[in-house]
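The next block holds one structure in the form of structure tokens; read it before the comments.
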Amino acid sequence: MGDEATTARGEGADARLAPIASEKSAGQICDALERLAKQGKLPGFVRDGDGGLFSVDAQGTPFDRRLVGEASEDGGRTIVSWRLVTPRKWPVGIALVLAVSVWPGLPITDSLLQTYFPGSYGAWTSGWFATWMWYLPLTVVPIPWFWRSTFAKVRATTMEHAVETRAKIRDAIGASDA
């Protein structure tokens with residue numbers, strides 16, 4: 001998930017992120033976009049960002065991705081193609097939070113249940129059935145569904161913002177759909 005990219009060409013392509021063509025050079029495109037960013041209309045603009053000509057924020061829920069514009073020359077025109085990149089820090093951070101939050105809950109839950117239900121729960125778990133036997137499946141099994149739904153939401157919301165940003169960039173540099 002960390003280096004996942006969605007491009008306007010190839011597998012996983014979304015027609016809404018089709019390449020655009022401009023009569024401007026790559027440098028002129030970056031200059032125009034930098035002016036737009038200084039006006040506060042292009043959040044997260046970075047020249048030469050993420051291995052492309054430029055990159056901008058593709059805002060989403062619960063976290064953002066990066067929309068990277070890559071330039072190529074074609075008969076005097078500059079073709080800008082797109083890819084969405086998930087910064088590695090987000091999936092790693094979510095995985096760490098999940099790992100760190102599951103284990104401390106086990107001794108806390110066990111202690112809480114034995115404190116408030118000393119006779120029945122303590123007797124029940126003193127034999128063969130310990131707290132971890134029901135607690136870990138209850139907390140670990142849903143993680144893949146959580147992970148999938150979270151990243152589906154991220155992909156949908158960042159794609160929506162990326163499409164809006166593509167249109168804004170196309171208009172700002174006077175480009176047309178390629």
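No hydrogens, no waters, no symmetry mates; every other heavy atom, side chains included, goes into these values.
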T78 and E73 side chains, donor-acceptor separation under 3.5 Å: yes
Apart from V141 itself, residues in the same hydrophobic cluster as defined by side-chain heavy atoms under 4.5 Å: W145
Test item: R65 and M159 side chains (from C-beta on) under 4.5 Å apart, heavy atoms: no
Non-neighbouring partners of Q39 that pass side chain to side chain contact (heavy atoms under 4.5 Å, CB included), sequence neighbours left out: L36, K41
T157 versus G60, closest heavy-atom pair with distance: OG1-CA, 3.3 Å
Name each donor-acceptor pair under 3.5 Å that joins a side chain in residues 44-57 to protein atoms two or more places apart or in another chain, with its distance.
residue: R47; atom: NH2; partner: D31; partner atom: OD1; Å: 2.6
residue: R47; atom: NH2; partner: E34; partner atom: OE1; Å: 2.8
residue: D50; atom: OD2; partner: S55; partner atom: OG; Å: 3.1
residue: D50; atom: OD2; partner: R66; partner atom: NE; Å: 3.2
residue: S55; atom: OG; partner: R66; partner atom: NH2; Å: 2.6
residue: D57; atom: OD1; partner: R66; partner atom: NH1; Å: 2.4

Please list every donor-acceptor pair under 3.5 Å in which a side-chain atom of residues 89-107 meets a protein atom from a residue at least two apart or in another chain.
residue: S101; atom: OG; partner: V97; partner atom: O; Å: 2.8
residue: S101; atom: OG; partner: L98; partner atom: O; Å: 3.2

Heavy-atom pair of closest approach, residues A58 and H161: CA-ND1, 3.6 Å
Joint cluster assignment, L42 & V163, ILVMFWY side-chain distance < 4.5 Å: yes
Atom CH2 of W134 with >12 non-hydrogen neighbours under 6.0 angstrom: yes
Derivation of the side chain to side chain contact (heavy atoms under 4.5 Å, CB included) call for I169 and W82: CA-CA 12 Å; I169 290 171; W82 312 97; 3.9 Å; yes
For the student: nearest non-hydrogen atoms of A162 and L67, plus distance: O-CD2, 3.8 Å
Any residue meeting side chain to side chain donor-acceptor pair (under 3.5 Å) with T131, in chain and number order, not counting sequence neighbours: D110, Y121
Approximate separation, where rounding is to 0.5 Å, of R77 CZ and I20 CD1: 11.0 Å
Minimal non-hydrogen separation, P137 against P142, with atom names: O-CD, 3.9 Å
Rounded distance [0.5 Å steps], CZ in R148 versus NZ in K153: 15.0 Å
Nearest heavy-atom neighbours spanning G69 and V80: CA-CG1, 4.0 Å
Enclosure of Q28 CD (heavy-atom neighbours >12, cutoff 6.0 Å): yes
Hydrophobic cluster membership, I108 vs L138, 4.5 Å side-chain cutoff: no
Spatial distance of atom OG1 (T109) from atom CD (Q114) [nearest 0.5 Å]: 11.5 Å
Distance in Å, I79 CD1 paired with S72 OG, rounded so as to fall on 0.5 Å steps: 6.0 Å
T86 and F63: CA distance, side-chain angles, deciding distance, side chain to side chain contact (heavy atoms under 4.5 Å, CB included) verdict: CA-CA 9 Å; T86 303; F63 58 84; 4.0 Å; yes
side-chain hydrogen bond (donor to acceptor under 3.5 Å, both in side chains) partners of residues 169-178, not counting sequence neighbours, each pair once: R166-D177
